[in-house]
Amino acid sequence: MIGKLKGIIDEIGDDYVLVDVHGVCYVAFCSARTLSKLGSVGEACVLFIETYVREDQLKLFGFQTQLEREWFNLLQSVQGVGAKVALAVLSTLTPSELANAIALQDKTAVSRAQGVGPKVAIRIVTELKNKAPAFAGEAINIGLKQEIGEGVAAAPVADAVSALTNLGYSRDQAANAVAAAMKTAGEDADSAKLIRLGLRELSR
């Protein structure tokens, strides 16, 4: 079982990288985001690896961080999501953005990934809503302002952030407070409850 590769980039393809480890070249399939951050041919690289062994093949999937690898596996726990779709989601959304989208039940953000239709996007945000927090850390705070600006956040969330900013708090302060409030109140909380809990967070 291969857990990590440290070597020199020998070749970069559309969906893979060839890593030379002391003369042995390994093909690792990666998200577009990971490939874009690897560097150029001839440079050193480190990839966290998920090894897939099947009866007729052995495949390596490479990730920039362990968190990205964990999300890759978590996504595939959803019905209809295989390795290809999981990589497509991670090509479109960072782990933080993905955690944020699931926390906000934002199927629109998830469906931007190639090969992810509305039904699969709904399954991802629904089936992972109880599993995602363990992988998210403080990720729910990240990108909330962007979600509100794009009009894809739930109405109570957007209303609560707007109310807090009208009280004189910055958009970042309001977004962080509402994100913390959502952890306590749950995704079905109305704007009044989010505002009340958000104010409590801001007063700490």
Student: Are any of the side-chain heavy atoms of Trp71 and Thr65 separated by less than 4.5 Å?
Tutor: no

Student: Quick check for you: to the nearest 0.5 Å, what is the distance between Arg123 atom CZ and Leu75 atom CG?
Tutor: 12.5 Å

Student: Is a donor on one side and an acceptor on the other found under 3.5 Å between the side chain of Arg112 and the backbone of Thr92?
Tutor: no

Student: Which value, rounded to the nearest 0.5 Å, describes the distance between Leu98 atom CG and Ile124 atom CD1?
Tutor: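 Separation between the atoms: 7.5 Å.
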
Student: Could you tell me whether the side chain of Ile8 reaches within less than 4.5 Å of the side chain of Val19, counting heavy atoms only?
Tutor: no

Student: Going from OG on Ser191 to CZ on Arg196, what distance comes out if it is rounded to the nearest 0.5 angstrom?
Tutor: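 Going from OG on Ser191 over to CZ on Arg196, the span is 10.5 Å.
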
Student: Should the heavy atoms of other residues, nucleotides or ligands under 6.0 Å from CD of Glu11 be counted, would the total exceed 12?
Tutor: yes

Student: Do you know which two heavy atoms are closest between Gly62 and Ala28, and how far apart they sit?
Tutor: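 Heavy-atom minimum between the residues: N-CB, 4.1 Å.
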
Student: Would you say Glu43's side chain and Gly39's backbone share a donor-acceptor pair under 3.5 angstrom?
Tutor: no

Student: When rounded to the nearest 0.5 angstrom, what is the spacing between CZ in Phe48 and CD in Gln66?
Tutor: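 With rounding to 0.5 Å, CZ (Phe48) is 4.5 Å from CD (Gln66).
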
Student: Do the side chains of Asp106 and Val125 get nearer than 4.5 Å, heavy atoms only?
Tutor: no

Student: For Ala160 and Leu194, which heavy atoms make the closest approach, and how far apart are they?
Tutor: CB-CB, 3.7 Å

Student: For Leu38 and Cys45, which heavy atoms make the closest approach, and how far apart are they?
Tutor: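 So the two residues come closest at CD2-CB, 4.2 Å.
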
Student: If you look at every heavy atom in Ser40 and Ile9, which pair is closest and at what distance?
Tutor: O-CD1, 3.5 Å

Student: Which pair of non-hydrogen atoms, one from Asp20 and one from His22, has the smallest distance, and what is that distance?
Tutor: OD1-N, 3.6 Å

Student: Within the side chain of Thr34, is there an N or O that forms a donor-acceptor pair under 3.5 Å with the backbone of Phe63?
Tutor: no

Student: Treating Ile, Leu, Val, Met, Phe, Trp and Tyr as nodes and any side-chain heavy-atom pair under 4.5 angstrom as an edge, say whether Tyr169 and Leu197 lie in one connected cluster.
Tutor: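 No, separate clusters.
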
Student: Answer yes if Ile12 and Val27 sit in the same cluster of Ile, Leu, Val, Met, Phe, Trp and Tyr residues linked by side chain heavy atoms under 4.5 Å apart, and no otherwise.
Tutor: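 Different clusters.
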
Student: First locate atom CG of Leu167, then atom CG of Leu199, and finally report the distance between them rounded to the nearest 0.5 Å.
Tutor: 6.0 Å

Student: Take atom CD of Gln79 as the centre, draw a 6.0 Å sphere, and report whether it contains more than 12 heavy atoms from other residues, nucleotides or ligands.
Tutor: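 Not buried by this count: 12 neighbours or fewer within 6.0 Å.
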
Student: If you measure only the distance, is there a donor-acceptor pair under 3.5 Å linking the side chains of Glu68 and Ser31?
Tutor: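 On atom types as modelled, these side chains qualify, holding a pair under 3.5 Å.
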
Student: Mind checking whether Ile49 and Tyr26 have side chains closer than 4.5 Å, heavy atoms only?
Tutor: no

Student: Do the side chains of Val41 and Asp10 get nearer than 4.5 Å, heavy atoms only?
Tutor: no

Student: Verify, without hydrogens or angle tests, whether Gln76 (side chain) and Phe72 (backbone) share a donor-acceptor contact under 3.5 angstrom.
Tutor: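 At least one qualifying donor-acceptor pair exists.
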
Student: Under 3.5 Å, side chain of Ser162 to main-chain N/O of Ala158, donor-acceptor pair present?
Tutor: no

Student: With sequence neighbours left out, what residues match Glu127 under side-chain hydrogen bond (donor to acceptor under 3.5 Å, both in side chains)?
Tutor: none

Student: Rounded to the nearest 0.5 Å, what's the gap from CD on Gln64 to CZ on Arg33? Could you check?
Tutor: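 Going from CD on Gln64 over to CZ on Arg33, the span is 9.5 Å.
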
Student: Kindly give the heavy-atom pair with the smallest separation between Leu47 and Cys30, and that separation in Å.
Tutor: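 That would be CD1-SG, 4.2 Å.
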
Student: Going by the rule side-chain hydrogen bond (donor to acceptor under 3.5 Å, both in side chains), which residues pair with Asp15 if we only count those two or more places apart in sequence or in a different chain?
Tutor: none

Student: Run the numbers on Leu60 and Glu50 for side chain to side chain contact (heavy atoms under 4.5 Å, CB included), then give the verdict.
Tutor: CA-CA 6 Å; Leu60 304 181; Glu50 186 69 24; over 6 Å; no

Student: Please tell me if the side chains of Leu128 and Ser77 come closer than 4.5 Å, counting only heavy atoms from C-beta onward.
Tutor: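 Side chain of Leu128 against side chain of Ser77, heavy atoms only: contact under 4.5 Å found.
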
